[in-house]
Amino acid sequence: DTEVTQTPKHLVMGMTNKKSLKCEQHMGHRAMYWYKQKAKKPPELMFVYSYEKLSINESVPSRFSPECPNSSLLNLHLHALQPEDSALYLCASSPGRAENEQYFGPGTRLTVT
Amino acid sequence: LAKTTQPISMDSYEGQEVNITCSHNNIATNDYITWYQQFPSQGPRFIIQGYKTKVTNEVASLFIPADRKSSTLSLPRVSLSDTAVYYCLVGAYSGAGSYQLTFGKGTKLSVIP
């Protein structure tokens with residue numbers, strides 16, 4: 001299995017909702033990432049987990065809460081989001097620690113109403 | 001943090017070789033140069049990575065001059081399916097939670113029949 005899967009593909013949520021995005025990989029990779037991508041912009045790094053520990057948090061608002069239950073799973077918990085948080089949320093993984101060669105999932109298209 | 005500069009867009013006819021150059025004047029000693037391809041509404045896909053001189057794989061070649069202040073991604077004989085955004089990245093994991101990796105603004109390549 002050489003892919004990163006993300007669920008759901010699309011998500012619409014209100015500003016008072018709580019939802020979660022899920023990411024999974026079975027390549028034995030030990031680093032996993034969350035990115036946010038707005039339309040016609042490059043991906044922006046949000047969080048990096050290395051060996052299941054949060055190693056990098058790029059000053060992301062607390063309404064985004066990452067979780068890494070095990071080396072294959074990565075969640076992003078969402079609460080009290082704003083309409084400007086609407087974007088494509090991408091998950092990626094890499095073999096070892098934070099690295100430049102990453103494997104990306106297809107993303108979750110999030111719309112906050 | 002090394003900043004990258006690449007052309008916003010390029011057009012090419014099918015069957016031609018395409019060269020996309022990325023400038024990274026303040027690249028650090030530890031930094032690797034990585035290129036990704038992204039189709040609309042999909043996650044980026046790793047293309048190639050290098051540190052110096054030339055790297056070639058089944059998809060592309062990467063040329064890096066001795067001063068490493070720029071790099072050129074070369075795509076041989078492009079087809080319509082190569083129409084995508086190409087991102088140049090410069091960065092590295094420096095240990096102790098220090099990870100510098102920022103996507104450039106990307107080059108939108110349009111292949112014309």
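To find a chain, count down the sequence lines: A is the first, B the second, and so on, and within it residues start at 1.
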So for Gln42(B), is it side chain, backbone, both, or neither that comes closer than 4.5 Å to the heavy atoms of chain A? backbone

I'd like a table of donor-acceptor pairs (distance under 3.5 Å, sequence neighbours excluded) in which one partner is a side-chain atom from residues 59-70 of chain B, with atom names and distances.
{"residue": "Ser61(B)", "atom": "OG", "partner": "Thr56(B)", "partner atom": "OG1", "Å": "3.1"}
{"residue": "Asp67(B)", "atom": "OD1", "partner": "Lys69(B)", "partner atom": "N", "Å": "3.1"}
{"residue": "Arg68(B)", "atom": "NH1", "partner": "Asp31(B)", "partner atom": "O", "Å": "3.1"}
{"residue": "Arg68(B)", "atom": "NH1", "partner": "Tyr51(B)", "partner atom": "O", "Å": "2.8"}
{"residue": "Arg68(B)", "atom": "NH2", "partner": "Ala28(B)", "partner atom": "O", "Å": "2.8"}
{"residue": "Arg68(B)", "atom": "NH2", "partner": "Asp31(B)", "partner atom": "O", "Å": "3.2"}
{"residue": "Lys69(B)", "atom": "NZ", "partner": "Asn25(B)", "partner atom": "O", "Å": "3.1"}

Taking side-chain contact (heavy atoms from CB on, under 4.5 Å) as the test, write out the residues that go with Glu44(A), two or more places apart. none

Count the heavy atoms of every other residue, nucleotide or ligand shown that sit under 6.0 Å from CG of Leu80(B), and state whether that count exceeds 12. yes

Over 60° means perpendicular and under 30° means parallel, so tell me whether Phe103(B) and Phe104(A) are parallel, tilted or perpendicular. perpendicular

Count the heavy-atom pairs under 4.5 Å between each of Gly104(B), Gly43(B), Pro44(B) and chain A, then report the option with the highest count. Pro44(B)

The interface call for Gln37(A) against chain B, heavy-atom contacts under 4.5 Å, is side chain

Could you please state which residues from residues 106-113 of chain A sit under 4.5 angstrom from chain B, measuring non-hydrogen atom to non-hydrogen atom, sorted by number, or 'none'? Pro106(A), Arg109(A)

For Lys41(A), look at atom NZ and say whether over 12 heavy atoms of other residues, nucleotides or ligands are found less than 6.0 Å away. no

Enumerate the residue pairs fulfilling salt bridge (charged side-chain N to carboxylate O under 4.0 Å, His left out) with a member in residues 103-113 of chain B, sequence neighbours excluded, ordered by first and then second residue. none

Distance-only, no hydrogens or angles: does the Ser72(A) side chain make a donor-acceptor pair with backbone N or O of His26(A) under 3.5 Å? no

